[in-house]
Structures are given as C-alpha cells and as structure tokens.
Amino acid sequence: MKIAVLVKQVPDSTEITVDKNTGTLVRDGVPSIINPDDLAGLEAALALKDKDDSVEITVISMGPPQAKGMLQETIARGADHAVLLTDRRLGGADTCATSRTLAAALDKIGYDLIIAGRQAIDGDTAQVGPQTAERLNIPQVTYVDEIIELTPEYAVVRKAIEDEEQILKVKLPAVLTTLSGMNKPRYMNCMDIVDSFNNPVQIMTYDDLVDILPQNEIGLAGSPTKVHRTFTKDVSAATETFDLPAQETAELIAKTLKDKQLITK
C-alpha cells in the first residue's frame, strides 16, 4: 500500500503580508512550520503504517528550497520517503496551478491513497486536495476525522461536518483531506532524527514533469486567480452591543450587511 501525504510549509505567524506587485504571500523572514491539517494527515498515515508493515509513506510538498528541512522532519517522524517539488518556474502558483503540478508529480511517483490536510492556514482555501483529486479523476472525501478501516480496495472513514458525522466507504485510489483535531502528531526522537539524514529528500523540478505538463499551466502563468488589491482594514474602537434572541440577531446582521451593500438579498 503506497500512501502519498501532501504537506505544505506555512508561515508560523498571523502577520501575513502580500507582495503588492505579484499578489503572492511574502514568506521571507517569517518562521515556518508544517501546516497543522497536513501534520494530522501524516500522523494518520503513520498510524496505518504502525498496523501494517506493507504501508509505504511518501510525503510530497511543493515550495521553495528551504522546505527541504521541513520534509526531512517528516522522515524523522516516520515517513519512508520525501519529495520536494521546487523550481522558480513553479513559483506564484494558485491552487489551480498547484493542483496541476501535484497531480503530475503523483502520476510519476505512484499511489494507492493520497492524504492531504483539509486546508492551509496561510491561504485557507481548502481547494488543493479536492482539485488534485479531480485532476487525477479519483474519488475524494473531505473533512476526514478518522480512518476507520483501510484495505487494498477501499477505505472506511468518518467525516465530520458542522452538525453531524458521516461514515463513508470510498473506493481506492482516493484522496482524503484531514482535520487537525483528528489526532495528536507524534514527536521525533533522537535516533529517528539521526537516521533521517541517511534518507535524503528527493528533489523534483519542472524538468521532471515537462513531458506531461505544459509550461503555460504552471506557476504564475498558469494561475487564473489574480489579486486585484490588498489592504489592512482600519480598526475602530466604536462598537455596539446587542442582547437579542438568535432570530432577531440574524435579522439585524442581515439588515446591517444589506444597508452597507455587502449583500444584496
């Protein structure tokens, strides 16, 4: 069983700024971490490996060269392999171009199951996992809170949504997107950290994908999402407090938003 886990290196900060010229996030000088939802996905894969020695885990990330250190950490946590997609030609990608690139890389690497975090804390789009599944033309289950059963043919999972839980059976290969609260990621230990450096991160560039992915579909050029303008909203000390029943509160919010022409209905 080959499990591919998609991870992203994200800024460890709430102070996110955007380059006004390119519309992309500024990451220089900001400390980085493994995206929490992705880390839960890695732990879910490692738990499956604990139960079945035949499980082989490959962690894949698309990002700048410094993401190599983050991927080395995933090997120290127990992953078998790690692959970094890094190339200036891939830079500036939105979720559309990112999912194209990841799908092409996954086709090269091979997989039986793909696990990705529900969303990244820097973009909060929750689009890359589902889009990757669509590009690979395989089924997907989002908001996974537990992997109950895994066989070579199917997975049984629990999906957690706002007001209910669902138990779903999905045919493999498939994509699962995971929630950060589904488990508690394990720590690295000293021996695993030392051993991880005997298993270096594999580097892939666009040259490895050029035969299946046109250059006009990657990076900034292949990204239909364009940031028109960014700004920091002024914070005012003036507030109003209401103590109303839920229905009246909803009606007041709707009226206020309509008066400000933020909604039309």
Side-chain angles (χ1 to χ4, degrees), residues 1-10 12 31-86 102 105-106 108-121 128-129 132-133 140-152 154-158 170 172-204:
M1 171 75 69
K2 296 181 68 175
I3 300 179
V5 181
L6 306 184
V7 303
K8 185 179 182 182
Q9 188 178 51
V10 295
D12 186 15
S32 298
I33 59 172
I34 302 176
N35 182 58
D37 283 359
D38 300 341
L39 192 54
L42 173 59
E43 177 58 33
L46 292 172
L48 294 170
K49 183 180 178 182
D50 290 341
K51 299 175 183 177
D52 184 352
D53 290 340
S54 70
V55 169
E56 181 180 338
I57 300 172
T58 300
V59 180
I60 306 168
S61 185
M62 180 173 135
Q66 58 263 34
K68 182 179 178 181
M70 176 266 294
L71 285 172
Q72 201 72 55
E73 179 183 331
T74 67
I75 296 174
R77 288 177 183 267
D80 297 291
H81 313 286
V83 178
L84 175 60
L85 275 164
T86 186
L102 287 171
L106 286 161
K108 290 276 187 178
I109 294 167
Y111 57 89
D112 298 303
L113 173 66
I114 300 168
I115 301 177
R118 174 188 59 127
Q119 66 183 39
I121 59 174
V128 170
T132 301
Q140 59 180 282
V141 181
T142 57
Y143 292 76
V144 171
D145 193 41
E146 182 184 0
I147 300 174
I148 299 171
E149 183 183 358
L150 181 67
T151 76
Y154 64 85
V156 178
V157 301
R158 183 177 69 201
V170 59
L172 298 186
V175 170
L176 308 179
T177 72
T178 51
L179 300 171
S180 61
M182 70 182 293
N183 54 39
K184 183 177 180 180
R186 65 193 65 189
Y187 292 106
M188 297 177 286
N189 63 57
C190 292
M191 291 304 298
D192 288 339
I193 293 171
V194 173
D195 291 343
S196 72
F197 289 95
N198 295 320
N199 186 5
V201 174
Q202 177 187 347
I203 302 298
M204 291 182 71

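Position 1 is the first residue of the sequence, and the numbers go up from there.
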Closest non-hydrogen atom pair between Pro36 and Ile121, with its separation: CD-CG2, 3.9 Å

From CD1 (Ile203) to CG (Leu85), nearest 0.5 Å: 9.0 Å

Derivation of the side-chain contact (heavy atoms from CB on, under 4.5 Å) call for Ile60 and Val5: CA-CA 6 Å; Ile60 306 168; Val5 181; over 6 Å; no

Distance, nearest 0.5 Å, that separates CG of Leu39 from CD1 of Ile33: 9.0 Å

Nearest-0.5 Å distance, CZ of residue Arg118 to OG1 of residue Thr142: 9.5 Å

Atom of Ala4, atom of Leu106 and distance for their closest heavy-atom approach: CB-CD2, 3.6 Å

Exam field: side chain Asn183 to backbone Ala40, donor-acceptor pair closer than 3.5 Å: yes

Interatomic distance, Leu6 atom CG to Leu102 atom CG [nearest 0.5 angstrom]: 5.5 Å

Asn35 (side chain) donor-acceptor with Gln119 (main chain) under 3.5 angstrom: yes

Worked verdict on Ile148 versus Val157 for side-chain contact (heavy atoms from CB on, under 4.5 Å): CA-CA 5 Å; Ile148 299 171; Val157 301; 5.8 Å; no

Min side-chain heavy-atom separation Asp145-Thr178 under 4.5 Å: no

Polar side-chain atom of Thr58 near backbone of Ala82 as donor-acceptor pair, under 3.5 Å: no

Neighbour count >12 (heavy atoms, 6.0 Å) for atom CG, Asp53: no

Close side-chain approach of Glu43 and Lys184, heavy atoms under 4.5 Å: no

Nearest heavy-atom neighbours spanning Met1 and Thr151: CE-O, 3.4 Å

Pairwise distance NZ(Lys51) to CD(Glu149) - rounded to 0.5 angstrom: 10.0 Å

Distance in Å, Arg158 CZ paired with Leu179 CG, rounded so as to fall on 0.5 Å steps: 10.0 Å

Criterion side-chain contact (heavy atoms from CB on, under 4.5 Å) on Leu71 and Val59, from CA distance to verdict: CA-CA 7 Å; Leu71 285 172; Val59 180; 3.6 Å; yes

Exam field: side chain Asp37 to backbone Ser180, donor-acceptor pair closer than 3.5 Å: yes

Side-chain donor or acceptor of Ser32 paired with backbone N/O of Gln9 under 3.5 Å: no

Short N-O contact, Asp38 and Lys8, less than 4.0 angstrom: no

N/O donor-acceptor pair under 3.5 Å between Asn199 side chain and Asp80 backbone: yes

Intermediate values then yes/no, side-chain contact (heavy atoms from CB on, under 4.5 Å), Glu56 and His81: CA-CA 8 Å; Glu56 181 180 338; His81 313 286; 2.9 Å; yes

Main-chain N/O of Ser196 paired to Gln72 side chain as donor or acceptor, under 3.5 Å: yes

Nearest heavy atoms of Lys68 and Leu84, plus distance in Å: N-CD2, 3.8 Å

For Asp50, all residues meeting salt bridge (charged side-chain N to carboxylate O under 4.0 Å, His left out), sequence neighbours excluded: Arg186

Nearest atoms (heavy-atom pairs only) where Ile193 meets Ala76: CA-CB, 3.9 Å

Side chain to side chain, Arg77 and Tyr187, heavy atoms closer than 4.5 Å: no

Residue pair Ala44 / Ile147: nearest heavy atoms and the distance that separates them: CB-CD1, 4.1 Å

When the side chains of residues 109-116 are checked against the rest of the protein, which donor-acceptor pairs come out under 3.5 Å, sequence neighbours left out?
{"unit_1": "Asp112", "atom_1": "OD2", "unit_2": "Lys2", "atom_2": "N", "d": "2.6"}

